[in-house]
Protein chains: 2
Amino acid sequence: MLRISKLTDYGTMILVHLAVHQGRLHSASDVAAGTRLALPTVQKLLKLLARSDLVRSVRGAEGGYVLARGPGSISAADILDVLEGPLSITECSTSDSRCELEDGCPVGGAWQKINRGIRGALGEITLADLAHPPREFPLVDLSGRTGRIRQRIPTS
Amino acid sequence: MLRISKLTDYGTMILVHLAVHQGRLHSASDVAAGTRLALPTVQKLLKLLARSDLVRSVRGAEGGYVLARGPGSISAADILDVLEGPLSITECSTSDSRCELEDGCPVGGAWQKINRGIRGALGEITLADLAHPPREFPLVDLSGRTGRIRQRIPTS
DNA sequence: CCATACTGGACTAAGATAGTCCCATATAGA
DNA sequence: TCTATATGGGACTATCTTAGTCCAGTATGG
Ligand code: FES
Ligand code: FES
């Protein structure tokens, strides 16, 4: 349940790799070697990531990829948006395929609130956290209303 | 991202229906009519639910389905467990197909913590809440450590 | 008995996912 | 200029999952 795809997991590994070895360009081959992922998969994911504003690319010989922003300003929600698309927790609540049952369905609204809560939570977890997981993740409000951090245990 | 399947959504609608009209048996046809879902789908889902400890069934003429427990003691996590299986947020962290990369992968642990946090959150939301969504869902701790409610705005 | 209703599972069509491969384009350096 | 090294864009396929339907079996009340 609530599964993220393998590709998203791989993509996150790649981002973590870029975060840990910052300051220089990395070719797809480098990243594949560093993460032990298959090269074609890494190429595909880096292309995807480069199209977003998370990763920048330089073409040509001696080219490669870098993080476009600091690991502290890339959230798990950002990553999921890029790699899984702007999907919602329920099929019903996507923009185009709105559920024909939605009127009579009391549940849709609740799922959407839960979804917003989870997204809010993921928005507070940064790539830096993922690269060096803190013992505690921040407290998060599922209401989607006040949606604020209550407490954060210092990283490291 | 983090999508639950249509069937899970439907199943939840069915459970809500049973929760709202408690105290008597409901045949699959009744539920289909009440929820406006297709009969075969409802039959399939009720069979599934009856195999769990969320719904009880009575066979034969005048038979049907009832909630096995009060709506207040059925959580969203319970529902997802039954309808989506005991899956994890990452493919890697399932019991059988453990990721061969896990050793070198710093991300796996973090996803699993996030997963536990989300599950904890869903464990605090009951079927009663879904049937009559409160304006605010409870505060939840994503750490998976202390995993406790901090504050709960009264339902209704 | 028989109509009603659950039980178990088979089955299919459609869609999503994972993974590979190819060709075009850009650039640094010999 | 030529060439090796990169990324960019996308096609393509095999496999798995999902959604939905259907049927033969079993229990039970009247
Ligand atoms: S089934 Fe579509 S909103 Fe619930
Ligand atoms: S890729 Fe399997 S644990 Fe991260």
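Given the structure is predicted, the values throughout are model-derived calculations rather than measurements. Every chain is numbered from 1 and lettered A, B, ... according to where its sequence line falls, protein lines coming before strand lines. Values reported hereafter were calculated over all heavy atoms of this structure, with side chains retained and with hydrogens, waters and symmetry mates removed.
In this structure, B:Glu62 has no side-chain contact (heavy atoms from CB on, under 4.5 Å) partners at least two apart in sequence or on a different chain. Scanning for salt bridge (Lys or Arg N to Asp or Glu O under 4.0 Å) contacts around B:Arg56 gives an empty result, with sequence neighbours left out. Residues satisfying the salt bridge (Lys or Arg N to Asp or Glu O under 4.0 Å) criterion with B:Asp78, sequence neighbours excluded, are B:Arg69.
Under the ring-ring contact (aromatic ring centres under 6.0 Å, His included) criterion, the residue pairs touching residues 24-78 of chain B are B:His17-B:His26, with sequence neighbours excluded. Sorted by first and then second residue, the salt bridge (Lys or Arg N to Asp or Glu O under 4.0 Å) pairs with a member in residues 22-33 of chain B form an empty list; sequence neighbours excluded. Under the ring-ring contact (aromatic ring centres under 6.0 Å, His included) criterion, no residue pair touches residues 32-63 of chain B, with sequence neighbours excluded.
The distance from atom CG of B:Leu49 to atom CG of B:Leu15, rounded to the nearest 0.5 Å, is 5.0 Å. Note that the CD1 atom of A:Ile79 and the CD1 atom of A:Ile125 stand 10.0 Å from one another [nearest 0.5 Å]. The distance from the OH atom of A:Tyr10 to the CG atom of A:Leu45 is 9.5 Å, given to the nearest 0.5 Å.
The shortest distance between the side-chain N/O atoms of A:Ser5 and the OP1/OP2 oxygens of C:dA18 is below 4.0 Å.
As a whole-Å value, the separation of A:Leu46 CG from D:dG9 C1' is 15 Å. Atom pair A:Leu39:CG and C:dA18:P shows a separation of 18 Å (rounding to whole Å applied). Atoms CG (A:Asp9) and P (C:dT17) sit 15 Å apart, rounded to a whole Å. The distance from atom CD of B:Gln43 to atom P of C:dT4 is 14 Å, rounded to the nearest whole Å. Straight-line distance from the NZ atom of A:Lys6 to the C1' atom of D:dA14: 14 Å, rounded to whole Å. Going from atom CG of A:Leu49 over to atom C1' of D:dA6 covers 17 Å, rounded to whole Å. Summarising the geometry, the separation between CD1 on B:Ile4 and C1' on D:dA19 is reported as 15 Å, rounded to the nearest angstrom. Atom-to-atom, CG of A:Leu45 to P of D:dG8 comes out at 13 Å; the value is rounded to the nearest Å.
The stretch residues 53-67 of chain B comes close to DNA chain D through B:Arg59, B:Gly60, B:Ala61, each having a heavy atom under 4.0 Å from the strand. Contacts between residues 21-28 of chain A and DNA chain D, counted as heavy-atom distances below 4.0 Å, involve A:His26, A:Ser27, A:Ala28.
Nearest heavy-atom pair across A:Ser75 and A:Gly123 is CB-O, 3.3 Å. Closest approach of B:Ala19 to B:Leu67, counting heavy atoms only: CA-CD1, 3.7 Å. The minimum heavy-atom distance between B:Thr12 and B:Leu83, with the atom names listed, is N-CD1, 4.3 Å. A pairwise comparison of heavy atoms in A:Gln22 and A:Pro71 identifies NE2-CD, 3.5 Å as the closest pair.
Residue B:Leu7 places its side chain closer to D:dG20 than to any other of C:dT20, D:dG20, C:dA18.
Rounded to 10 degrees, the angle separating the terminal helix axes of the helix from C:dC1-D:dG30 to C:dA30-D:dT1, each built from five base pairs, is 10°.
Side-chain heavy-atom separations under 4.5 angstrom define the hydrophobic clusters, and the remaining members of the one that includes B:Val66 are B:Leu25, B:Val58.
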With the criterion being N/O to N/O and under 3.5 Å, what pairs connect the protein with nucleotides 9-13 of chain C, and how long is each?
| from | atom 1 | to | atom 2 | distance (Å) |
| --- | --- | --- | --- | --- |
| C:dG9 | O6 | B:Lys47 | NZ | 3.1 |

